[in-house]
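Heads up: the structure comes next, in structure tokens.
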Amino acid sequence: MKEYLRERIHAALTAAGVSVEPASIQLEAPNQPEHGDLATNVAMTLAKQEKKNPRQIATELVEHFQRDDEKIAAVEIAGPGFINFRFADGYVKDEAFRILKEAGNYGKTADSSGRVNVEWVSANPTGPLHAGHGRQVCIGATLCNLLEWTGWDVTREYYFNNAGNQMNNLAETVRERYLEALGDAPDEEKVHYVGDYVKEIGRGIVEEHGEAKRDAALDFFRGEGEKWCFAHITRTLDKLGVKHDVFFNEDALYKEGKIDAVLQQFKEKDLSYEQEGATWLRTTAFGTDKDRVIVKSTGEPTYRLPDIAYHIEKVQRGYDKIIDIFGADHMAAYPDVIAGVKALGHETGHIDVIIHQMVSFVNEGESVKMSKRSGNVYYLNDLIDDVGVDAVRYFFIMRGVNTHLEFDIKLAQEQSEKNPVYYLQYAHARIASILRFAADEGFSLTDEGSFSNLDHQSEIELMKKLLDFPGVLEMSARNYEIHHIGNYLNEVATAFHKFYHDCRVVTEDKELSRSRLQLCRAVQQVLRNGFAVLGISAPEKM
RNA sequence: GCGCCCAUAGCUCAGCCGGAUAGAGCAUCUGCCUUCUAAGCAGAGGGUCCCAGGUUCGAGUCCUGGUGGGCGUGCCA
């Protein structure tokens with residue numbers, strides 16, 4: 001509809017002797033319903049160029065506007081020079097009915113956007129995911145779904161940091177806990193990770209190998225620790241319905257010599273230098289405040305070097321777009337990495353970085369304290385057990401990514417109207433119930449029919465709301481702003497509940513009942529499609 | 001100190017390229033179930049959009065400078 005109006009407005013302006021770029025014609029839904037369904041401010045933006053009063057331009061535009069009564073019921077000039085368009089009810093009804101035919105595809109864009117790689121979670125395999133990780137898990141999973149819906153071929157990737165010093169620390173901790181499980185006193189100096197899960201790993205090794213591994217090399221314990229953590233992390237992700245296509249192992253970069261290759265290139269281009277036994281990258285040449293170490297004096301690379309090699313790897317795989325998601329606490333890492341990749345002559349313009357702010361947890365009005373040092377950690381598994389998968393998936397994406405998120409555990413547990421995810425699911429279940437009732441009454445529904453006999457204002461408003469779905473997905477995907485989806489679905493649920501309240505669905509009037517049942521099905525379809533993007537379930541009963 | 005993010009109703013937050021009278025949920029108050037799910041609907045009250053300048057027909061939105069908070073600023077990731 002927007003495109004149609006844009007084209008007609010452009011034609012009208014051209015006929016009136018005004019030249020304008022079609023793309024610069026803005027159309028948006030007004031706040032007040034009495035201002036119509038779409039409005040343009042084009043007369044006001046052209047006022048200066050044309051040296052005319054905005055209302056005069058608007059008047060000329062409307063005079064030359066060729067209105068198709070099938071689609072547009074009214075064109076009005078209002079306020080300082082807005083032009084308001086009101087859709088014809090027949091158009092709204094026909095479009096809304098098509099939702100039933102498009103069904104599970106309603107809202108999808110044709111596959112043409114290209115290939116995109118989304119890397120997220122990428123938590124170190126040194127322990128279970130904690131509750132705070134949940135935000136990134138859900139943001140990334142939802143974004144991937146959304147990108148798929150809007151025509152992207154998505155590769156879901158997890159960068160598995162199974163190299164580096166943190167793995168040595170894990171290995172030492174595992175060895176201490178293993179020895180402890182055999183009855184030795186642990187050397188607290190070597191216990192880097194205090195969580196109980198490492199004791200579990202230690203006990204597991206005892207069960208499998210007994211005392212046989214007393215003198216095993218650190219590599220053995222590293223392997224055991226990594227294996228356990230990987231299994232644990234993927235199990236948690238699996239619970240949330242999150243599946244990665246690729247787990248990219250950091251150690252592969254070492255094995256394949258890619259770390260050395262990158263280091264060599266930096267040297268050749270004089271982008272690195274030796275100082276105090278370490279190798280530094282001249283990031284100041286890229287505009288940062290100071291140079292950064294990429295190889296420590298111990299000979300081990302810092303995270304930056306493998307990250308650069310990894311990103312080069314991803315760039316070379318030839319995606320149309322590469323998206324990295326990470327939390328604000330890792331904010332400092334990426335500019336150097338991108339700059340490093342670029343400095344070696346690789347394209348970086350198609351790399352988008354999404355930074356999300358941190359999460360705090362509140363329960364019964366009390367903030368939930370977490371301390372890694374004391375091992376007092378609230379794990380993502382615990383959160384899932386406490387509030388359920390759907391609440392986790394929904395709560396973590398209901399706010400914009402660059403504001404802090406306060407996760408109210410009590411609210412998420414609440415099975416009432418206070419809980420926004422229940423409100424949404426209730427609408428779906430309510431429709432399912434109506435459809436069951438209708439089936440008992442002898443209604444059988446196909447995808448044929450029309451909404452031509454639905455004229456109640458609640459019905460028309462509901463249909464209009466359903467028609468917004470593709471646009472909401474498109475806008476959300478374009479801006480990587482997934483929280484709009486949840487808000488939108490809430491509006492759909494509200495419009496449906498209002499309709500339900502105003503219009504009895506199953507009545508003596510069979511034809512009216514049929515149409516209203518079809519409208520219910522269309523609402524249910526939009527909710528289902530939206531839930532599919534968000535990764536939450538669509539209950540038939542509640 | 002410097003970098004990024006944030007500041008909108010009592011609370012948690014929306015507000016897509018700058019648009020018309022700034023919105024939602026919760027909380028508070030008032031109505032609505034013999035009829036398809038009241039986990040619902042309707043209504044009321046509640047605002048210095050942090051402050052000060054600037055840009056223009058028009059600023060919650062853009063710019064500058066402050067104030068307050070979060071996260072960084074490691075030879076951790």
Side-chain angles (χ1 to χ4, degrees), chain A residues 23-24 26 28-32 34-35 39 41 44-45 47-48 53-54 78-82 84 122-124 126 161 164-166 169 276-280 288-290 292-298 300-304 306-307 326-333 335 355-358 360 362 365 398-408 411 414-420 422-423 425-427 429-438 440-441 471-472 474-476 478-479 481 483-484 486-487 490-491 493-494 496-502 504-507 513 516-517 520 541-542:
Chain A
S24 70
Q26 297 174 32
E28 58 180 28
N31 294 326
Q32 270 70 31
E34 57 269 28
H35 292 146
N41 61 354
M44 292 184 294
T45 57
K48 187 168 276 183
N53 178 315
F82 288 101
N84 298 330
S122 300
N124 285 341
T126 54
N161 275 272
N165 200 42
Q166 78 274 5
N169 290 338
E276 296 167 5
T279 305
W280 297 67
T288 64
D289 57 342
K290 51 181 141 175
R292 308 289 180 179
V293 170
I294 49 173
V295 181
K296 298 187 247 180
S297 50
T298 58
E300 295 172 311
T302 65
Y303 66 91
R304 274 175 245 272
D307 273 14
F326 35 73
D329 53 338
H330 284 224
M331 162 69 219
I355 310 267
H356 62 86
Q357 299 301 313
M358 313 310 293
S360 52
V362 180
M398 71 180 176
R399 305 301 180 208
V401 296
N402 46 15
T403 61
H404 289 116
L405 174 68
E406 185 164 294
F407 195 116
D408 188 331
L411 179 63
E414 189 107 23
Q415 303 206 358
S416 76
E417 78 285 355
K418 294 174 191 167
N419 186 335
Y422 276 87
Y423 180 79
Q425 294 181 314
Y426 178 65
R430 200 178 213 186
I431 293 168
S433 173
I434 295 167
L435 295 174
R436 280 193 299 272
F437 177 84
D440 289 345
E441 296 290 307
V472 169
E474 186 279 324
M475 187 266 282
S476 302
R478 178 163 35 90
N479 300 326
E481 289 177 348
H483 64 285
H484 293 303
N487 294 343
N490 238 285
E491 291 171 10
T494 299
F496 168 72
H497 287 311
K498 183 171 170 54
F499 154 75
Y500 175 87
H501 183 262
D502 293 347
R504 166 120 193 141
V505 178
V506 180
T507 63
S513 299
R516 286 185 169 163
L517 284 165
C520 287
K541 279 186 183 175
M542 285 174 76

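Predicted model only: the values in this text are computed from it and were never measured. Chain identifiers are assigned alphabetically (A, B, ...) following the order of the sequence lines, protein sequences preceding nucleic acid strands; residue numbering begins at 1 within each chain.
- Consecutive pairing runs in RNA chain B reach the stem threshold at B:1-7 with B:67-73, B:10-13 with B:23-26, B:28-32 with B:40-44, B:50-54 with B:62-66, where a stem means at least three Watson-Crick or G-U wobble pairs with distances under 3.5 Å.
- Here the P atom of nucleotide B/C16 and the CG atom of A/Asn31 are 10 Å apart, to the nearest Å.
- Between the CZ atom of A/Arg504 and the C1' atom of B/C36 there is a distance of 5 Å, rounded to whole Å.
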Which atoms of nucleotides 41-45 of chain B (N or O only) lie under 3.5 Å from a protein N or O atom, and what are those distances?
unit_1, atom_1, unit_2, atom_2, d
B/C41, OP1, A/Tyr423, OH, 2.7
B/C41, O2', A/His501, ND1, 3.0

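- When heavy atoms are screened at a 4.0 angstrom cut-off, A/Glu491 is found touching no nucleic acid atom at all.
- The interatomic distance linking A/Phe326 (CZ) with B/C71 (C1') rounds to 13 Å, in whole Å.
- Across all strands shown, A/Asp440 has no heavy atoms under 4.0 Å from either base or sugar-phosphate atoms.
- A/Arg292 comes within 4.0 angstrom of sugar-phosphate atoms only, judged by non-hydrogen atoms across all strands, and of no base.
- As judged by a 4.0 angstrom heavy-atom cut-off over every strand, A/Phe437 is placed among residues touching the sugar-phosphate backbone only.
- A centroid separation of 6.0 Å or more is found between the aromatic rings of A/Phe326 and A/His356.
- A syn base is found at B/C33: its glycosidic angle is within 90° of 0.
- Separating the CD1 atom of A/Ile355 from the P atom of B/A77 is a distance of 17 Å, rounded to the nearest angstrom.
- OP1 or OP2 of B/A38 lies within a sub-4.0 Å distance of a side-chain N or O belonging to A/Tyr500.
- Among residues two or more places apart in sequence or in another chain, the salt bridge (Lys or Arg N to Asp or Glu O under 4.0 Å) test is passed with A/Glu406 by none.
- Using modelled atom types, one side-chain atom of A/Ser476 and one backbone atom of A/Val472 make a donor-acceptor pair closer than 3.5 Å.
- Of the candidates B/C17, B/A77, B/G19, the closest approach to any side-chain atom of A/Asn41 belongs to B/G19.
- When heavy atoms are screened at a 4.0 angstrom cut-off, A/Thr302 is found touching the sugar-phosphate backbone but no base atom.
- Under the rule for a side chain to side chain donor-acceptor pair (under 3.5 Å), A/Tyr303 has no partner lying at least two apart in sequence or in another chain.
- Under the stacking criterion of a centre-to-centre distance below 5.5 angstrom and an interplanar angle below 30°, A/Phe82 sits stacked against the six-membered ring of B/A20.
- Among B/A77, B/G19, B/G70, the nucleotide with an atom closest to any side-chain atom of A/Gln357 is B/G70.
- At the heavy-atom level, A/Ala429 lies under 4.0 Å from base atoms of the strands shown.
- No engagement by A/Glu441 is indicated, since no non-hydrogen atom pair under 4.0 Å with the nucleic acid exists.
- Salt bridge annotation for A/Asp440-A/Arg436: absent, with no cationic side-chain nitrogen under 4.0 angstrom from a carboxylate oxygen.
- Note on A/Asp329: a base of the nucleic acid sits closer than 4.0 angstrom, heavy atoms only.
- A/Ala39 comes within 4.0 angstrom of a nucleotide base, judged by non-hydrogen atoms across all strands.
- Shown here are the side chain to side chain donor-acceptor pair (under 3.5 Å) partners of A/Thr507, two or more places apart in sequence or in another chain: A/Ser513.
- Note on A/Glu34: a base of the nucleic acid sits closer than 4.0 angstrom, heavy atoms only.
- For the pair A/Met331 CE and B/A77 P, the interatomic distance rounds to 18 Å; values are reported in whole Å.
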Letter per nucleotide, 5' to 3', of nucleotides 9-15 of chain B [B base touched, S only sugar-phosphate touched, - untouched; heavy atoms, 4.0 Å]: ---BSSS
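- A/Ala332 comes within 4.0 angstrom of the backbone, heavy atoms only, and of no base.
- For the pair A/Asp408 CG and B/C26 P, the interatomic distance rounds to 13 Å; values are reported in whole Å.
- Counting atom types as modelled, A/Thr298 pairs no side-chain N or O with a base atom of B/C75 as donor and acceptor under 3.5 Å.
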side-chain hydrogen bond (donor to acceptor under 3.5 Å, both in side chains) evaluation trace for A/Arg399 with A/His404: CA-CA 8 Å; A/Arg399 305 301 180 208; A/His404 289 116; over 6 Å; no
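- The CZ-C1' distance, from A/Phe499 to B/G40, rounds to 14 Å in whole Å.
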